[in-house]
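Report on one structure; see the data block that follows.
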Number of protein chains: 2
Amino acid sequence: MRDEDLQEMRQLPLFEGVGAAYVDSLLRSAFVQRFPAHVELVHEGDPADFLYVIVQGQVEIYASYRDRETTISVLGPGNSFIIAAVLLDRVYLKSARGLTPTRILMLPAEAVREGFAEDAHFARALAVDMALAYRGVVKELKNQKLRSSLERLANWLIAEDEKGGSTGKLDIPYDKKVLASRLGMAPEVLSRSIAALIPYKVDIRGRHVQLNDREALLSLARPVPTIDDPAC
Amino acid sequence: MRDEDLQEMRQLPLFEGVGAAYVDSLLRSAFVQRFPAHVELVHEGDPADFLYVIVQGQVEIYASYRDRETTISVLGPGNSFIIAAVLLDRVYLKSARGLTPTRILMLPAEAVREGFAEDAHFARALAVDMALAYRGVVKELKNQKLRSSLERLANWLIAEDEKGGSTGKLDIPYDKKVLASRLGMAPEVLSRSIAALIPYKVDIRGRHVQLNDREALLSLARPVPTIDDPAC
DNA sequence: ATCAGGACTTGATCAATATCAAGGACGTGA
DNA sequence: TCACGTCCTTGATATTGATCAAGTCCTGAT
């Protein structure tokens, strides 16, 4: 790994609170790889050979069954994926592909498992990351089972707006069909749901969104911390 | 805690591979509690004061939103719940209630967090448990997003039969309305789905189930390891 | 054994979502 | 600027699942 890369990797949230010497020893067995957009990084069912950490770009985590496919999440810089499979030395449950060109840190699974056993701080960082990921999926499962697609869209808009500082203005960060799959609906349903939000003063043109009546949208979405609050 | 209880608790899977002395020190701050059926053990949104481990009985893990409610899972002896909330010192994302009278080991959250920091073996056991739980939810999310309710039922029947040794004979271990909620459908839909399985030689009377044409049911259900295999 | 209440089923209907088929908008590269 | 392809939207229709309303069955308590 090049020296400037090394510098950058040390800053990753996954290594927060881990001794610098240990991080460096981990990074010695790791490497940074660039991938073009749309290539599959990880395939569902394959043995977990690497832990992946996104340095640059967007990665779509998805799963397939028969001729169907659904997006589990879309991750960005700083996020790692498939910790659980690596830790347990099992196969990946999900596939991953870049939505954009990406730069990815790849840590050999063996090194991660050793690291978990040897360095208590790294073990803690991994466990915290996994606990957060776990809670994320639980929230998503609740979102799916307890809400209609219109409600899911409304809540997604509010959450996304809050990420950007509640300005009422935001951009959808990927294709609408990816968003539809992420929200668990057909692309056509997303289109219609967007139209259904017009009475709530939601103005969506292309990827640009304006929320012109936050109160109205909130009364439809009814967000709750135990599903929607990322800090919860 | 009584001595015979202590004896029993040491055997729990959560303590596997953890030094006996450390297990005992953990158990000193813990206690075993009996609860009657149907009482709420844990309420969504409350701070995570305890890690729960089921000693006896069945516990339904569920979540609510507006006037809706859905079952996330049904757990039995040996299972623990809400590790992630305890580890992160956050609120519970789910509620829990006994479906039967239960005996439950309650470990104070503070002690668990200390244990995680102090004892590497316990930390590993917790992490493994959490990783398995994580993969369980991911599978369930895929199950929900990628399958119809009939497919979910068919796959549940096959999985449940395999748990019992693939004899083709099994009993539904709880009320059908709980199963319906667990599978993500209204109770009426479960009834109709059961009727829809008659051509596949599935015979359900009350809680007794007979699968008389495994092949036919398999061709409908199409189970895959990355959703249905508990060992995967 | 009987009765009451809960659990389950069945039928009718409605609402939500998926699918199929075109058509339109928009950005990109020639 | 034009042409192409991709993405998105819109309309029509089918399917799936939810809801409402009885009715039946089963069970557990008296």
Side-chain angles (χ1 to χ4, degrees), chain A residues 36-38 58 60 64-71 74 97 99-101 143-156 171-198 202-209 220-221, chain B residues 36-38 58 60 65-71 74 97 99-101 143-157 171-198 202-209 220-221:
Chain A
H38 311 303
Q58 274 182 332
E60 178 185 14
S64 310
Y65 175 68
R66 301 214 199 184
D67 61 342
R68 309 159 205 173
E69 185 181 302
T70 193
T71 303
V74 179
R97 72 179 148 230
L99 291 177
T100 64
N143 194 32
Q144 283 295 323
K145 288 183 80 175
L146 292 167
R147 283 181 175 150
S148 71
S149 33
L150 187 61
E151 289 173 331
R152 290 198 296 276
L153 172 60
N155 277 290
W156 184 87
D171 284 348
I172 302 173
Y174 28 77
D175 284 354
K176 285 210 183 97
K177 64 179 176 185
V178 174
L179 177 59
S181 176
R182 164 57 257 271
L183 292 175
M185 61 185 90
E188 295 92 330
V189 176
L190 176 59
S191 272
R192 287 185 241 271
S193 298
I194 286 173
L197 288 180
I198 294 176
V202 175
D203 184 7
I204 303 188
R205 295 170 191 215
R207 287 187 173 190
H208 304 294
V209 182
L220 170 69
Chain B
H38 310 302
Q58 274 182 333
E60 178 185 14
Y65 175 68
R66 300 212 196 186
D67 60 341
R68 310 158 204 172
E69 186 180 302
T70 191
T71 302
V74 180
R97 69 179 148 230
L99 291 176
T100 63
N143 194 33
Q144 283 295 322
K145 288 183 82 176
L146 292 166
R147 284 182 175 149
S148 71
S149 34
L150 187 61
E151 289 173 331
R152 290 198 296 276
L153 172 60
N155 278 291
W156 183 87
L157 286 169
D171 284 348
I172 302 173
Y174 29 77
D175 283 355
K176 285 208 183 101
K177 63 179 177 184
V178 174
L179 177 58
S181 177
R182 163 62 254 273
L183 292 176
M185 62 185 90
E188 295 93 329
V189 176
L190 177 58
S191 272
R192 286 185 243 271
S193 298
I194 286 173
L197 288 180
I198 294 175
V202 175
D203 184 7
I204 302 187
R205 298 174 189 213
R207 288 188 173 190
H208 303 295
V209 182
L220 170 70

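By convention in this document, chain letters (A, B, ...) are assigned in the order of the sequence lines, proteins followed by strands, and residues within each chain are numbered from 1. Below, all heavy atoms of this structure are taken into account, side chains as well, without hydrogens, waters or symmetry copies.
With values rounded to the nearest 0.5 angstrom, B:Thr71 atom OG1 is found 8.0 Å from B:Leu99 atom CG.
Between the CD atom of B:Gln144 and the C1' atom of D:dT16 there is a distance of 14 Å, rounded to whole Å. If you take CG of A:Leu190 and C1' of D:dC7, they are 12 Å apart, rounded to a whole angstrom. Remark: P of D:dT9 and CZ of A:Arg205 are 13 Å apart, rounded to the nearest angstrom. Here D:dT15 presents its P atom at 15 Å from CZ of A:Arg68, a figure rounded to the nearest Å. Note: OH (A:Tyr174) to C1' (D:dC7) measures 17 Å, nearest angstrom. Rounding to whole angstrom units, CZ of residue B:Arg147 and C1' of D:dG17 are separated by 18 Å. Protein atom CG of B:Leu153 is 15 Å distant from nucleotide atom P of D:dT16, rounded to whole Å. Across the protein-nucleic acid pair, A:Arg207 atom CZ and D:dT6 atom C1' stand 12 Å apart, rounded to whole Å.
Proximity of a side-chain donor or acceptor of A:Arg182 to a complementary backbone N or O of A:Val74 within less than 3.5 Å is not detected. A donor-acceptor pair under 3.5 Å links the side-chain atoms of B:Gln144 to the main chain of B:Leu183, judged by distance alone. Between the A:Ser193 side chain and the A:Val189 main chain, a donor and an acceptor come within less than 3.5 Å of each other. In terms of modelled atom types and a separation under 3.5 Å, the side chain of B:Lys176 and the main chain of B:Arg207 share no donor-acceptor contact.
Taking every heavy atom of both residues into account, B:Arg68 and A:Ser148 meet most closely at NH1-N, 4.5 Å. Shortest non-hydrogen contact noted between B:Ala221 and B:Ala154 is CB-CB, 3.7 Å.
At a cut-off of 3.5 angstrom, the base of D:dC8 holds no donor-acceptor pair with the side chain of A:Glu188.
Distance from the side chain of B:Val189 is smallest to D:dG17 among D:dG17, D:dG11, D:dT9.
Note on A:Lys177: every side-chain N or O is 4.0 Å or more away from OP1 and OP2 of D:dT6.
Of all nucleotides in DNA chain C, those with any atom nearer than 4.0 Å to a heavy atom of chain B start and finish, going 5' to 3', at C:dA7 to C:dA12.
Using a 4.0 Å heavy-atom distance criterion, B:Ser148 is classed as a sugar-phosphate-only contact.
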